[in-house]
Structures are given as C-alpha cells and as structure tokens.
Amino acid sequence: MAVTRRELLTGGAAGAAGLIVGGVIGRAVGGGDGGGGAGLSGDVQQVADARGLTAEEVRKAVKSFVPPGKPDLDEFLLFSSGGHGGQILVIGVPSMRLYKVIGMFTPEPWQGFGYGADWGEAVLDEGTTEAGTPYSRARGKLTWADTHHPALSETNGEYDGRWVYINDRANGRLAMADLRDFKVKQIVDVPNLQSSHGGAFVTPNTEYVHISSMTPTLVKTENIDKALDNFKDAFRGYSSFLAVDQKTGRVDLSRSFQVELPPYTQDLADAGKLVSYGWAFINSYNAEMATGGNLEGKEPLEVGASQRDFDYLHVINWKKAEELVAAGRYTTKNGMKVIPLEVAAKEGVLYLVPEPRSPHGVDVAPNGEYICVSGKLDPHATVYSFTKLKEAIEKQDFEDKDVYGVPIVRYDAVVAARVELGAGPLHTQFDDKGYAYTSLFLESAVAKWSLGEPYFSGDQAFKLVEKLPIHYNIGHLVVMEGDTVKPAGKYLVALNKWSIDRFPVVGTLKPQNFQLVDLTGEKMEIIADMPITAAEPHYVQGIRIDRIKAWEVYPPGTNPLTMEPDPNAVKEGEERIERKGNTVEVWATVKRSNFKPDIIRAKKGDKVVIHLTNVETTPDATHGFAIPRYNINVSLDPGEATTVEFVADTQGAFAYYCTEFCSALHLEMQGWLLVS
Ligand code: CUK
Ligand code: CUA
C-alpha cells in the first residue's frame with residue numbers, strides 16, 4: 001500500500017491508515033509532518049493515548065489493517081486445517097479475518113451440509129464405507145474428522161486455485177472442495193488406511209493427491225489378540241497416489257494405486273518438484289516398531305519408539321510405480337491396486353534414507369533440490385540433496401537393507417547440510433529469496449536460515465540468520481505460496497498451539513493463536529494475533545487471492561454436487577406437486593419472499609421428495625429451507641438446485657421456513673407441511 005506524503009497531509013486516498021502512520025509515527029520519532037498533518041496526527045495521537053497504544057503498536061496495526069470497503073487490501077487467502085472440527089478455515093492475509101468455514105467432513109448447518117440436502121448427504125455417504133470391511137464405520141455415519149494438511153491444486157508446481165484437498169488424520173480419509181463455490185464435493189474413504197498423515201499433498205500438476213497411513217494398518221486379521229506381538233508381519237503402511245480427474249477434481253480410485261510400506265509409523269510427506277519431479281518423500285518414526293504395553297510389563301510407546309538414533313525417510317519413485325501398475329505388477333486389496341512391499345523394494349520404487357531421531361516435518365525446497373527434514377529430538381534441520389540422492393541410487397550406494405529388503409541409501413552420501421536451529425524443530429517453509437523458515441516447537445520460535453546453491457554459497461549457505469520468538473508452542477508455519485516452485489514470501493503465519501496470556505480468558509479451553517509475521521523488513525516482525533477457536537489447526541497454505549476465480553452465483557438451476565444443471569431444477573411457473581403411490585414429489589421455487597408451493601400435503605408414512613430451486617440471480621440472495629422436528633435444514637445459494645428426501649413418519653402441521661433473513665418479508669417466507 002503506497003501512501004504519498006501528499007495523501008498523508010491532505011487525508012486523501014490512503015484514509016485512516018495513512019493518517020495513523022503520518023501522525024503517530026511522525027511524532028514518535030520526533031519528526032512529525034508539521035502543517036496540516038499536525039492537526040490530523042493530533043487526533044490519532046489522542047486515540048492512541050486514550051487506548052494506551054504505543055506508536056510501535058499502531059505502526060504494526062497499520063500493516064495489517066484493511067479498512068471498511070477495501071477488501072482488495074487482502075492479498076492472500078489462507079486455507080487452514082480446522083483440526084478435529086473437520087473443516088477448512090479461510091482467512092484473509094494480512095487482515096487475518098475469517099472469511100469462511102468450509103464444512104469438509106463435519107456437517108455444517110449454515111451451509112446446509114449434512115442436514116438433508118442431497119449434495120451433502122451424498123458426500124457424507126461416500127465418505128463412510130459400509131460396515132463389514134476392517135476400515136468401516138464402527139458406529140453409524142462418520143460425521144467428524146481430524147483435518148491436518150490442506151493441499152491446493154497445482155499446475156506446473158504453482159497453485160492454480162481450482163481445488164483444495166485435506167486429509168482426515170483420524171480415519172484415513174480425504175476430502176475435496178471445489179474453489180468455484182467453496183463447497184465439499186467428495187470424501188474418499190481411502191482403502192487400506194485406518195488413519196492418515198502423509199498428505200494431503202498434490203504432485204506438481206495435480207496428477208495425484210497423496211495420502212499415506214500414519215499408524216500402520218492391521219493386515220492379518222486372524223488372531224488379532226496376538227497381533228501386536230507379531231507387529232512386523234501383521235501390520236503395513238500404505239502410500240496412496242489418488243488419481244485426480246482433471247475436469248472435476250475428484251479422486252478416481254480406479255486409476256489410483258498404493259505402494260505398500262513397512263510398518264514404521266509414516267508421518268509427514270511432500271512431493272518432489274522440478275529436479276525431483278516424479279518422486280515423493282515421507283518421514284517416519286518408530287522404526288523400532290514399538291507397540292507400547294505399559295500395563296503389560298513393556299515399555300511405554302514413547303520410550304520404545306525413541307531407542308534408535310535413526311528413523312527412515314521414505315523415498316518413492318511414483319513415476320516408476322506408475323509403470324509397474326501399468327505392467328500389472330500389483331495386487332488388489334479392498335478394491336485398490338497395491339504394489340507389494342517386496343516388489344517396491346526390488347524394482348526401485350521404494351528406498352529408505354536414515355534420518356536422525358524421530359523426525360516430524362519433511363519439506364521440499366522450491367527448486368526441488370533440497371529435502372529438509374527436522375526431528376523433534378534433534379536440534380538440527382537435516383538437508384538432503386536430491387542430486388546426490390539420485391546418484392547414490394544409480395550407483396547403488398546403499399549402507400544396508402531393512403528387514404523387509406528395502407535398500408537403505410548411505411546417509412553420508414546424500415546429506416547436503418545439517419543446520420543447527422534450536423529446540424524441537426518441526427516444519428519448514430520457504431520464501432522467494434532462498435531462505436527457509438523452521439518452526440521450533442520447544443523453543444517457541446521461528447528460525448530463519450539460508451539454503452545452499454543456487455540461493456547462497458560458501459559460508460553464507462546453510463546458516464541460521466535469525467530467530468523470532470512467537471507465542472507460544474508453534475506447530476506448523478506457512479509462508480505465502482511457500483511450498484510451491486515460486487513462493488511469494490512477504491508474510492509468514494505461525495500456527496501456535498498455546499496462547500497463554502494473549503487473549504481474554506474465555507473459559508478453560510483457550511483459543512489457539514495464529515501470528516502474522518511481516519517478512520519484508522530487515523528483521524522478521526510479528527504484526528498481528530488471531531485467535532483460532534474452531535479446533536487445533538495443523539497445516540495451512542496461503543494462496544494469492546487473484547488465483548481464485550470463485551463464483552458469486554450459480555448458473556440457474558445448478559446442483560452443487562455435480563456443478564451441472566440439476567435435472568429437477570425448475571423455473572418460475574413450472575412448480576408442481578405429483579403423487580405416485582406412496583410418494584409425494586414436489587418441484588418448488590424459492591425466492592424473495594416465498595416458497596412455491598407453500599402447502600405440501602402428505603399422509604403419514606409417505607415418502608416426500610422436494611426439489612428446491614433458488615431462482616434468484618442476485619449475489620447474496622441465499623434462502624434456507626428448514627422443516628422443524630424433521631432434522632432438515634437446507635441452504636440454497638442463488639441459482640442452486642437441490643433435493644430433500646424423507647419419510648413423513650410424524651404427523652402434524654409443520655411450518656417450514658426460510659432460515660436466512662433475506663428480505664423485508666423474510667418472516668413471511670414460510671409454508672406448511674401437513675402430515676395427516
Ligand atoms: S502435524 Cu500438526 S503440528 Cu499433523 Cu502436520 Cu506437525
Ligand atoms: Cu428467504 Cu428468508
């Protein structure tokens with residue numbers, strides 16, 4: 001935001017922001033604008049004094065301030081995991097204002113997701129496999145998830161603003177939202193995964209969205225009581241490459257495949273890009289294959305899993321895996337093509353590289369050359385060179401094989417650097433200038449450090465350059481477009497697990513804290529806090545706002561599930577009710593300020609099918625359709641068509657109504673369902 005001196009003095013285009021800068025800062029540094037500016041800055045000074053704000057605080061506030069009516073001052077959108085709330089949160093940067101909560105796995109009443117509309121019911125049904133498989137719903141429909149890692153779709157390694165994916169850490173699932181309407185379209189219950197962590201990430205052209213198991217999956221179902229004693233054989237991990245339909249963004253399981261993995265606990269994952277295109281990387285911990293058993297005379301899991309000095313970075317050649325699948329070198333497991341572990345180990349699909357002590361994050365630098373790993377128990381970031389890795393693989397420079405016969409690449413042959421950062425390094429992001437930023441969980445800090453060639457060379461490479469204390473206990477962090485081939489830099493957001501003293505006390509469950517960090521100055525600087533109250537967010541991606549081409553209204557009669565014209569959409573004048581046997585079928589229009597028809601008659605036990613079309617074309621003209629006591633609550637955005645289906649099993653007169661205050665006669669926007 002450029003503010004000229006003239007604007008400051010005249011109170012012109014820059015408005016309040018400019019005045020604050022001119023006033024408070026001017027005075028604080030002892031200069032001041034003099035003349036016309038002095039009077040104006042006096043006002044601002046008074047406000048600041050009255051509120052007990054220092055000049056420094058006001059200067060920072062102005063950096064993220066987005067005044068009323070100037071939404072364009074937000075340059076980026078964050079797509080944040082909503083943690084165990086099962087959603088995605090959409091937040092503006094730098095304003096740090098929450099713009100949307102996208103219900104992904106969890107029903108969302110305002111958006112009418114999961115309360116009777118066919119779109120939401122279809123998505124939730126697809127995400128809950130039938131009982132009877134080892135990965136089925138245990139207790140009815142799954143209506144929550146623990147979302148960790150959002151992945152925006154990419155073209156040539158840059159975000160393209162088409163779709164966003166996110167994993168369900170708890171239940172091994174993946175959901176996709178279309179960024180035309182910001183609504184979930186698909187939940188995939190990924191075969192052979194019970195839980196998931198490695199992903200979601202997309203390959204550079206969104207050929208695949210990747211998700212891997214976290215806790216390995218039980219694969220031998222006989223003698224389950226003894227399964228943990230036989231962990232090595234009874235469990236397996238899976239790296240899933242879910243093929244994306246380029247038209248709809250949906251996962252096509254028939255073109256997808258998995259690579260079977262040893263039952264180490266696979267953790268974070270990332271895709272290779274540019275030089276490392278065609279490869280993928282997954283961290284692991286618990287190469288010890290500890291199972292816990294602290295009441296059965298065994299070590300607790302956290303002790304058993306921290307014995308060895310090294311765990312394994314999994315290196316997967318997914319281009320090679322594609323070839324093997326095409327050649328039929330797979331078995332089919334629960335409907336999924338799986339490259340068996342022995343085949344993956346023998347045919348050059350899977351390699352292991354030692355990585356120090358229980359690592360957590362793995363992040364590939366923008367040029368695809370550096371693979372940065374950091375371990376909770378090791379104060380260093382370990383940087384692997386992809387070029388060296390490829391050479392070592394070609395020369396078969398292996399130090400060993402693991403117990404499953406997977407080649408272990410010689411550690412010293414592939415490490416480019418070990419950079420000492422501080423206590424508890426977790427995740428790394430990158431900017432546009434060759435710097436990496438790593439979160440230090442134990443130290444509550446962000447460490448900024450330099451990458452090697454071609455960004456920095458000699459003693460300037462792989463060097464810690466700055467540390468910024470944050471508040472408190474940082475997990476992930478995000479730099480704008482910081483995991484693409486062309487990071488935008490500019491801002492970093494720290495995703496902090498604890499807020500301690502940063503916010504008013506609102507009970508025993510405290511908000512978590514997103515802190516906005518300005519990267520444009522000499523030093524990193526925290527300029528805003530944002531309380532996060534939906535659940536514990538994990539990863540976030542930040543995309544340039546102009547990459548997103550969202551719709552404001554649907555083309556008339558669009559079904560949000562298909563994004564195509566709904567065959568049962570109606571125009572005004574086509575409203576009708578038909579009865580066939582025990583089915584009452586209704587084609588209704590919805591607009592300011594009525595439902596047509598506004599009386600629906602049914603007999604107890606009838607099946608009632610209501611096709612609703614919002615015939616409005618005005619942005620914002622959303623209507624609701626709720627039937628009390630029937631647990632039906634639909635939201636219809638302008639142009640939207642959807643269907644509600646239920647059995648009229650309770651008799652009475654039910655006043656259905658519009659749940660959105662849509663017009664002066666909104667309160668009159670109601671009708672009767674008579675069940676006799
Ligand atoms: S994990 Cu949460 S702080 Cu699931 Cu990405 Cu590291
Ligand atoms: Cu439509 Cu209120």
Side-chain angles (χ1 to χ4, degrees), residues 80-84 110 112 145-151 166-170 172 195-201 210-215 265-270 282-285 358-363 372-376 424-429 438-442 444 446 470 472-478 483 493-498 512-514 532 535-541 588-596 598 612-616 618 620-626 633-638 640 655-671:
S80 168
S81 97
H84 35 296
W110 183 45
D146 186 0
T147 55
H148 277 221
H149 305 120
I166 196 160
N167 74 314
D168 171 8
R169 185 256 177 263
S195 58
S196 77
H197 208 220
F201 70 68
H210 177 271
I211 175 171
S212 46
S213 53
M214 186 160 203
T215 310
T265 300
Q266 280 80 27
D267 199 10
L268 269 287
D270 202 1
I282 314 175
N283 269 339
S284 68
Y285 63 92
S358 301
H360 183 51
V362 55
D363 296 281
C372 306
V373 160
S374 32
K376 301 155 280 197
L426 295 184
H427 301 288
T428 299
Q429 285 273 295
T438 301
S439 54
L440 303 177
F441 177 79
L442 293 175
S444 283
V446 172
I470 58 81
Y472 302 89
N473 291 10
I474 181 171
H476 276 273
L477 73 182
V478 61
D483 57 13
V493 178
L495 281 53
N496 306 325
K497 312 278 182 197
W498 285 22
Q512 306 212 344
N513 189 9
F514 278 12
I532 296 287
E536 181 202 347
H538 289 262
Y539 185 42
V540 170
Q541 290 187 327
T589 56
V590 183
K591 66 163 212 239
R592 285 163 287 174
S593 304
N594 65 62
F595 298 102
K596 192 169 186 180
D598 60 4
L612 297 151
T613 307
N614 179 342
V615 294
E616 305 261 8
T618 310
D620 275 330
T622 293
H623 298 282
F625 175 79
N633 174 27
V634 177
S635 172
L636 293 142
D637 298 338
E640 180 171 345
Y656 57 82
Y657 79 108
C658 171
T659 51
E660 288 274 334
F661 207 113
C662 52
S663 64
L665 296 173
H666 152 76
L667 295 172
E668 286 77 2
M669 194 166 169
Q670 75 156 61

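Order of appearance sets the numbers: ligands from 1, and atoms from 1 within every ligand. In this text, all values refer to a predicted model and were calculated from it rather than measured experimentally.
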Quiz item: Are D267 and H197 linked by a side-chain donor-acceptor pair shorter than 3.5 Å?
Solution: yes
Practice problem: List the steps and the verdict of side chain to side chain contact (heavy atoms under 4.5 Å, CB included) for F441 and K497. | Solution: CA-CA 9 Å; F441 177 79; K497 312 278 182 197; 4.1 Å; yes
Exercise. Nearest 0.5 Å please: distance from the CH2 atom of W498 over to the CD atom of E536.
Key: 12.0 Å
Quiz prompt | Top protein contact for atom 3 (S) of ligand 1, by heavy-atom distance | solution = K497 NZ, 3.4 Å
Quiz item: Do L477 and H427 touch side chain to side chain, with heavy atoms closer than 4.5 Å?
Solution: yes
Quiz item: Which atoms from ligand 1 have a heavy atom of H197 less than 4.0 Å away?
Solution: 1 (S), 4 (Cu), 5 (Cu)
Self-check item: side-chain contact (heavy atoms from CB on, under 4.5 Å) partners of S374, counting only residues at least two apart
Solution: P425, T428, T438
Practice problem: Would you confirm whether E616, through its side chain, and R592, through its main-chain N or O, come within 3.5 Å as a donor-acceptor pair? | Solution: yes
Exercise. Give the atoms of ligand 1, by number and element, whose distance to some non-hydrogen atom of H149 is under 4.0 Å.
Key: 1 (S), 4 (Cu), 5 (Cu)
Quiz item: Can you name the closest pair of heavy atoms from S635 and D637 and give their distance?
Solution: OG-OD1, 3.8 Å
Quiz item: What do you reckon, is CG of D598 surrounded by more than 12 foreign heavy atoms closer than 6.0 Å?
Solution: yes
Quiz item: Under 3.5 Å, is there a donor-acceptor pair linking the side chains of H149 and H538?
Solution: no
Quiz prompt | For atom 2 (Cu) of ligand 1, the protein heavy atom that lies nearest, with its residue and separation | solution = H538 ND1, 2.0 Å
Self-check item: H427 and ligand 1 - part of the residue with a heavy-atom distance under 4.0 Å
Solution: side chain
Quiz item: Any donor and acceptor pair, going by atom type alone, linking the side chain of N283 with main-chain N or O of G361 inside 3.5 Å?
Solution: yes
Quiz item: Heavy atoms only: which of H148, H476, K376 is nearest to atom 5 (Cu) of ligand 1?
Solution: H476
Exercise. At a cut-off of 2.8 Å, list the protein N/O/S atoms near atom 1 (Cu) of ligand 2, residue plus atom name.
Key: H623 ND1, C658 SG, C662 SG, M669 SD
Quiz prompt | Atom indices of ligand 1, in the order listed, that fall short of 4.0 Å to a heavy atom of H360 | solution = 1 (S), 6 (Cu)
Practice problem: Could you list which atoms of ligand 1 come closer than 4.0 Å to a heavy atom of L268? | Solution: 5 (Cu)
